[in-house]
Amino acid sequence: MSLFVTFEGSEGCGKSTQAKALWKKVSRLGIPAVLTHEPGGTTLSKEVRYLLKKQRQGGISPLAELLLFAACRIQLVTEIIRPNLKQGKVIICDRFADSTIAYQGYGRGLDLDTIREINQLATEGIKPDLTILLDIPVEKGLDRKQTKAGDRFETEDIAFHNRVRDGYLKLAADEPERWLVIDATLPKVRIGKIIWQRVSRLLNKHHLSRTPG
Ligand code: TMP
């Protein structure tokens with residue numbers, strides 16, 4: 001049985017590092033695992049990612065933004081997620097549909113039910129077995145990114161980022177069995193251990209565990 005794990009969080013929360021570390025750990029056990037991310041992970045999605053993140057005069061309308069993320073997701077689900085889940089693999093995805101609810105819903109203020117309908121279409125109803133939220137105070141996360149020139153999302157105001165963070169916490173509270181919320185200010189190694197505790201249990205449950213060889 002396959003396993004689908006997603007990582008979520010606001011800017012600078014460290015999810016990409018943890019997603020990669022988890023993928024390495026699972027792969028080292030000889031369990032077939034795929035690491036991917038959103039927006040990205042396919043040729044089309046990489047191109048659209050560039051368009052979405054790039055600073056531009058006049059911006060992008062929130063609805064156009066929503067549909068561009070949905071287009072990236074449909075492509076990723078079609079090319080990578082669905083076929084690999086079908087093969088019984090572990091998929092680790094850095095951001096997924098919950099990002100759209102947090103950013104375009106809570107952040108931009110688009111209607112949550114509309115987003116859920118579009119997410120349903122874009123994901124073909126595929127839901128993560130586990131979603132790991134790396135929760136970090138907004139200023140701390142943005143500070144971690146200060147060395148790079150900010151993209152269209154990173155340069156949004158603090159109020160936007162706080163709405164995104166609060167949105168994530170609401171999503172996690174509404175579905176506690178799917179979400180694992182971790183304090184992202186903890187040391188990286190500690191965070192890795194908390195994640196592994198939960199994932200190794202799920203690997204067993206999904207009959208995916210192997211002895212290291
Ligand atoms: P990241 O991969 O570096 O986190 O960049 C992706 C950016 O896109 C990040 O600021 C969050 C944003 N985003 C949305 O606004 N909605 C979405 O559905 C997704 C997947 C990402």
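Both counts, for ligands and for their atoms, begin at 1 and track the order of listing.
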> Can you list the residues that meet the side chain to side chain contact (heavy atoms under 4.5 Å, CB included) rule with I126, with sequence neighbours excluded?
Replying inline: F4, V77, I81, R82, L85
> Do D129 and R198 meet the salt-bridge criterion of a basic N to acidic O distance under 4.0 Å?
Replying inline: no
> ligand 1: which residues have a non-hydrogen atom closer than 4.0 Å?
Replying inline: E11, K15, E38, P39, R49, K53, F69, R73, R95, S99, T100, Y103, Q104, F153
> In terms of heavy-atom contacts, does NZ of K20 have more than 12 from other residues, nucleotides or ligands at under 6.0 Å?
Replying inline: no
>> Going by side chain to side chain contact (heavy atoms under 4.5 Å, CB included), name the residues that satisfy it together with S45, two or more places apart in sequence or in a different chain.
In response: T42, C72, Q75
>> Taking side chain to side chain contact (heavy atoms under 4.5 Å, CB included) as the definition, give me every residue that meets it alongside I195, ordered by chain and number, with sequence neighbours left out.
In response: F7, Q18, L22, I132, I182, I191, V199
> When you check the gap from the basic side-chain N to the acidic O, do E65 and R108 get nearer than 4.0 Å?
Replying inline: yes
